[in-house]
Amino acid sequence: MDTFDAIQRRQSVRSYLPTPVPEGLLSRVLEAARLAPSASNRQPWHFIIVKDIGKREAIAKSGLYGKFMVGSPVVIVGCGDKEVSPKWYAIDTAIALENIVIAAAGEGLGTCWIGSFEEATVKELLKIPERYGVVAMLTLGYPKEGLDVNWKTLRLSRNRKKLEDITSLEEFGTPL
Ligand SMILES: Cc1cc2nc3c(=O)[nH]c(=O)nc-3n(C[C@H](O)[C@H](O)[C@H](O)COP(=O)(O)O)c2cc1C
């Protein structure tokens with residue numbers, strides 16, 4: 001699948017098959033994170049792969065909108081080192097997480113970003129050192145519905161701003 005295809009097919013998946021993610025595929029999407037760009041190449045990120053159901057339940061309980069992580073075989077917790085990159089740790093970690101999202105879509109895997117969690121709870125549960133911030137999490141697994149279902153319709157009907165409303169030529173407000 002080419003990159004643009006993967007970007008078009010991607011959608012937030014909140015319902016997963018219990019099928020485990022093969023280790024080879026997990027390594028591949030993590031490699032996509034490892035290769036991400038970062039400010040001054042500081043690579044301030046650290047990714048915790050959480051498969052344990054007890055841990056997933058505890059994390060899910062800490063937020064309102066991530067309950068479905070209980071049903072996803074893998075949760076990836078994206079942490080950023082504030083000491084290594086005080087200004088850019090969150091952006092760098094987010095870029096790496098999005099690399100995972102796109103790579104996963106290319107492999108037929110579903111993901112969903114999760115920002116709904118209680119950071120202190122997650123840090124304690126996963127023994128994350130003080131200097132790290134928990135930037136965001138991703139669920140990862142095989143979508144219950146499959147990524148191919150109606151993806152064209154989905155793309156067409158997707159609620160996004162129009163390109164002309166989010167772009168300018170040369171100066172803010174001049175139409176492209
Ligand atoms: C930083 C970030 C945090 C998000 N947090 C959540 C979340 O906690 N729970 C959830 O169900 N979706 C979450 N989402 C997914 C968005 O709701 C979703 O990307 C958006 O509605 C667009 O839908 P799509 O991803 O299917 O295109 C988050 C997305 C981002 C980028």
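The shown structure was predicted, so the numbers you read here are calculated from the model rather than taken from an experiment. Just so you know, ligand 1 is whichever comes first in the structure, and atom 1 is the first atom listed for that ligand.
Open room surrounds CD on Glu130; 12 or fewer heavy atoms of other groups in view lie less than 6.0 Å from it. Heavy-atom contacts from other residues, nucleotides or ligands closer than 6.0 Å to CD of Glu119 number more than 12. Within 6.0 Å of NZ on Lys55 lie no more than 12 heavy atoms contributed by other residues, nucleotides or ligands.
The closest heavy-atom contact to atom 21 (O) of ligand 1, among the options Gln11, Met69, Arg14, Lys67, comes from Arg14. By heavy-atom distance, the residue among Tyr65, Phe117, Trp113 lying nearest atom 31 (C) of ligand 1 is Trp113.
Residue Leu176 shares its hydrophobic cluster (ILVMFWY side chains chained together at separations under 4.5 Å) with Leu169. With side-chain heavy atoms closer than 4.5 Å counting as contact, directly or through intermediates, the hydrophobic cluster containing Ile95 also holds Trp88, Ile91.
Those atoms of ligand 1 that come under 4.0 Å of a heavy atom in Gly115, given as number and element, are 3 (C), 4 (C), 5 (N), 6 (C), 7 (C), 8 (O). Near Ser12, meaning under 4.0 Å from any of its heavy atoms, are these atoms of ligand 1: 15 (C), 18 (C), 19 (O), 24 (P), 25 (O), 26 (O). Counting the atoms of ligand 1 from 1 in the order shown, those under 4.0 Å from a heavy atom of Ile114 are 5 (N), 6 (C), 7 (C), 8 (O). For ligand 1, the atoms lying closer than 4.0 Å to a non-hydrogen atom of Ser116 are 8 (O).
Between Cys112 and ligand 1, no pair of N/O atoms sits closer than 3.5 Å.
By the criterion of side-chain heavy atoms lying less than 4.5 angstrom apart, applied directly or through intervening Ile, Leu, Val, Met, Phe, Trp or Tyr residues, Val101 is grouped together with Ile49 in one hydrophobic cluster.
At a 4.0 Å cut-off, at least one heavy atom of Phe68 sits close enough to ligand 1 to count as contact.
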